[in-house]
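In the text below, chain A, chain B and the rest are named by the order of the sequence lines, each starting its count at 1.
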4 protein chains.
Amino acid sequence: MTEKTNRKCQIIEVASKLFFEQGYHATGIKQIIEAADIAKGTFYSHFKSKEELGLEWLECGNRKWKTCRDSFLEQFATPKEKLIALFDYQAKGAEECSYRGCAMLNMLAETPELGCPMRKAIRGYKKGYLCFIRELVNQHLPDASDDDREQRAGAIYLLSEGATVAAQSFCKTGPIDIAKVQVEKILAE
Amino acid sequence: MTEKTNRKCQIIEVASKLFFEQGYHATGIKQIIEAADIAKGTFYSHFKSKEELGLEWLECGNRKWKTCRDSFLEQFATPKEKLIALFDYQAKGAEECSYRGCAMLNMLAETPELGCPMRKAIRGYKKGYLCFIRELVNQHLPDASDDDREQRAGAIYLLSEGATVAAQSFCKTGPIDIAKVQVEKILAE
Amino acid sequence: MTEKTNRKCQIIEVASKLFFEQGYHATGIKQIIEAADIAKGTFYSHFKSKEELGLEWLECGNRKWKTCRDSFLEQFATPKEKLIALFDYQAKGAEECSYRGCAMLNMLAETPELGCPMRKAIRGYKKGYLCFIRELVNQHLPDASDDDREQRAGAIYLLSEGATVAAQSFCKTGPIDIAKVQVEKILAE
Amino acid sequence: MTEKTNRKCQIIEVASKLFFEQGYHATGIKQIIEAADIAKGTFYSHFKSKEELGLEWLECGNRKWKTCRDSFLEQFATPKEKLIALFDYQAKGAEECSYRGCAMLNMLAETPELGCPMRKAIRGYKKGYLCFIRELVNQHLPDASDDDREQRAGAIYLLSEGATVAAQSFCKTGPIDIAKVQVEKILAE
DNA sequence: AATGAATGAGCCTTCATTCAT
DNA sequence: CATGAATGAAGGCTCATTCAT
């Protein structure tokens, strides 16, 4: 929380907004520094390159998203309720960001090189999300077989991802409602 | 089928490969005309702009994808079998394109403006895909209620989209297998 | 001599002046295009990169220099006279260019990477100059041993190069006069 | 010999290596301070500007070069032997620095402005080198005429400079051997 | 002394598009 | 229809230097 950290965070915040709203490639350094009201050299004293900023954006965004999500889910008591409420949280987010989708999936689309740092990072974050769902499923069905739980967790994860991009495609939360209903079925069986 | 059409198609074909492999923004007109071995002016006599080429790419790509898909599904007799085989087809495609995902979802990520032609087009193609699934579900469950069928079709659609982006995220077909198993359950109930 | 050639040549001419007067690194593309009164894109439609222009500059400069030199030496009858007059030509050039030295040696100083295209090119041009001197020496002393002729040609070449950089160092033609006198001795023996 | 002096010398040493290896313009302040492991401000508390560092580099380099040279020549008894051995010293240096040439001549190439401090300094150092040669020639030929001695000294100086840039051009010591042989002739007559 | 964040002009290069031929 | 030269704004990034701490 030193001053240096603050300035860097401010740049990340400004860039996050622009990257998310316009896309990574479509957002230029010039636009970022103008929005952050700093000089070009200042930017490059904080970040080695645009890619580094991109990576920090994703990491920072993931951290914040998890914090908000967990905070939202605190009001729900059981794992089952939490898993279902996850889709309410998703619907809320989709609306709030004008159906811009998921920052990571969007970045994935702009990043074709298979082994690059960006894709590695995204894979890590997505794996983390899957684990989060798996853990809740495990808590909800402690006596089910591993395979069964893995299948259910995977399906819920896929419904969540599918709902994200479908909401983005159609600019409405309808798909997320469908996903929520399906998740209720998956957890009821 | 005139010469003009052939030439235009050739450009679209070349551009399709590049757009899909590298992304829309990351692919320049220069690269396209060099790969197609034509002059700049020739390109602009066939396409008003890069965006127009992008739109034709999506349309052409969607048409081809549907043709291939339907051809692949012909070998399966029942709607249920077709719906399940759809995920085998998806897995094959994911591997073949090195997990580059869906051209339309990728384009969506690069296209933030809500009402632009690109997004309208993508919405149309995605709606078409959902309809295709809905129709098969209707055939499979002619006696189910509208709501029930709509829910099942929607869930299958979401699993398909989710499997696409998950396979892209993790560079493996595992998520598609999960989706396939889940679809079998949805159609068995 | 098409229009295209003319335009490219014009750029090379403008750049030659600037590169020679200011140095290669110290001359920016912006300055070149402003002096040539063309747009940036135009420049890059003629040259792949600044380095390519640099290479063409050296090649073009070498060609022109040889032409002028040979034209100047035509008035002299014997190989010996030509070799001596070479230093008058050099003195004239040194004065005319305000003792800026040799474009190639200057470029060499700005190009440390041993195997790069620039150094290869420069080595070729310098080898050509040495050969030119050697041939005249051979004509002058047809009966001398190979070793002897090689030594004399080499020494004359070194005196020429030394005179160039010394004139550049001291901003006067004195060193070239010294070299000329020494060459006369070398050829008289 | 205070701490300050040491720190300054350390910067000069680090910069010397980089300037010589990469060229003056091609070496940035950032690279120098990183290699010297100091802060930007520290650099500018020791040097008014990059140019000042450049000037100190040349001066320091000249001083060191003379010391090494004189130390090397101590083992030789007569002025004639010293003058000839000078070219062995030169060959050794050319090899050791990967044929990067003479720091001063390289700097000259990057410094077109005729009256600037850098050129004045270089002129001084080169004049010093010529004087050093002249003195040895005078000792070797105390009875020759002034003109004769001046011509011989000048020729040896030119052969030395020519050998330097030729070795740099061709990345071999051959030219220095040629120069040495020629110097032997000049001193034998 | 020493620090390193900040500056903003400048670097080389690519962009999508136009238009005279 | 086809050509490819021309445009100039924008791309990501580095430069030498200053200055408050």
Report the distance from atom [atom1] of [X] to atom [atom2] of [N], rounded to the nearest whole Å.
| X | N | atom1 | atom2 | result |
| --- | --- | --- | --- | --- |
| B:Ile11 | F:dT3 | CD1 | C1' | 13 Å |
| B:Ile32 | F:dG4 | CD1 | C1' | 17 Å |
| B:Glu51 | E:dC15 | CD | C1' | 16 Å |
| C:Glu34 | F:dT7 | CD | P | 13 Å |
| A:Glu52 | F:dT14 | CD | P | 12 Å |
| C:Lys8 | F:dG4 | NZ | P | 14 Å |
| A:Ile33 | F:dG11 | CD1 | C1' | 12 Å |
| A:Gln31 | F:dA10 | CD | C1' | 12 Å |

Nearest-nucleotide comparison on DNA chain E, the residue closer to the 5′ end among B:Phe43 and A:Ser45 =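 Its nearest nucleotide lies further toward 5', so the answer is A:Ser45.
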Between B:His25 and C:Lys30, who's closer to the 5' end of DNA chain E by nearest nucleotide?
->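 The answer here is C:Lys30.
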Between CD of A:Glu110 and CG of B:Asn106, what distance do you get to the nearest 0.5 Å?
->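 These two atoms lie 9.5 Å from each other.
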Between the CD1 atom in C:Ile32 and the NZ atom in C:Lys40, the distance rounded to the nearest 0.5 Å is 11.0 Å
OP1 or OP2 of [N] sitting under 4.0 Å from any side-chain N/O of [X]?
| X | N | answer |
| --- | --- | --- |
| C:Tyr44 | E:dT14 | no |
| C:His46 | F:dA6 | yes |
| B:Thr42 | F:dC1 | no |

Of all the choices, [options], which nucleotide is nearest to the side chain of [X] once you look at every atom?
| X | options | result |
| --- | --- | --- |
| C:Ala39 | F:dT7, F:dT3, E:dC12 | F:dT7 |
| B:Arg7 | F:dA6, F:dT3, E:dT17 | F:dT3 |
| C:Lys50 | F:dC13, E:dT13, E:dT17 | E:dT13 |

Inspect the contact between D:Glu59 and D:Arg63 and indicate whether a charged nitrogen and a carboxylate oxygen are less than 4.0 angstrom apart.
->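 Answer for the salt bridge query: yes.
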Look only at the side chain of C:Gln22 and the backbone of D:Pro112, and say whether a donor-acceptor pair between them is shorter than 3.5 Å.
->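 Answer holds: no.
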A:Tyr24 ring centre to A:Lys50 NZ or CZ under 6.0 Å, with the angle to the axis within 45°?
->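 Geometry flag: set, cation within 6.0 Å and 45°.
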Contact class for C:Lys40 (heavy atom, under 4.0 Å): base, sugar-phosphate, or nothing?
-> base
Is B:Gly41 touching bases, backbone alone, or none of the nucleic acid, heavy atoms closer than 4.0 Å?
-> base
Apply side chain to side chain contact (heavy atoms under 4.5 Å, CB included) to the pair B:Met107 and B:Phe19, showing each step before the final yes or no.
-> CA-CA 9 Å; B:Met107 185 54 131; B:Phe19 282 157; over 6 Å; no
Complementary nucleotide of E:dA20, counting Watson-Crick and G-U pairs under 3.5 Å =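 With both distances under 3.5 Å, E:dA20 matches F:dT3.
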Pair partner, E:dA1 [Watson-Crick or wobble, under 3.5 Å] | none
Of A:Ile29 and B:Asp37, the one whose closest DNA chain F nucleotide lies more 5' = B:Asp37
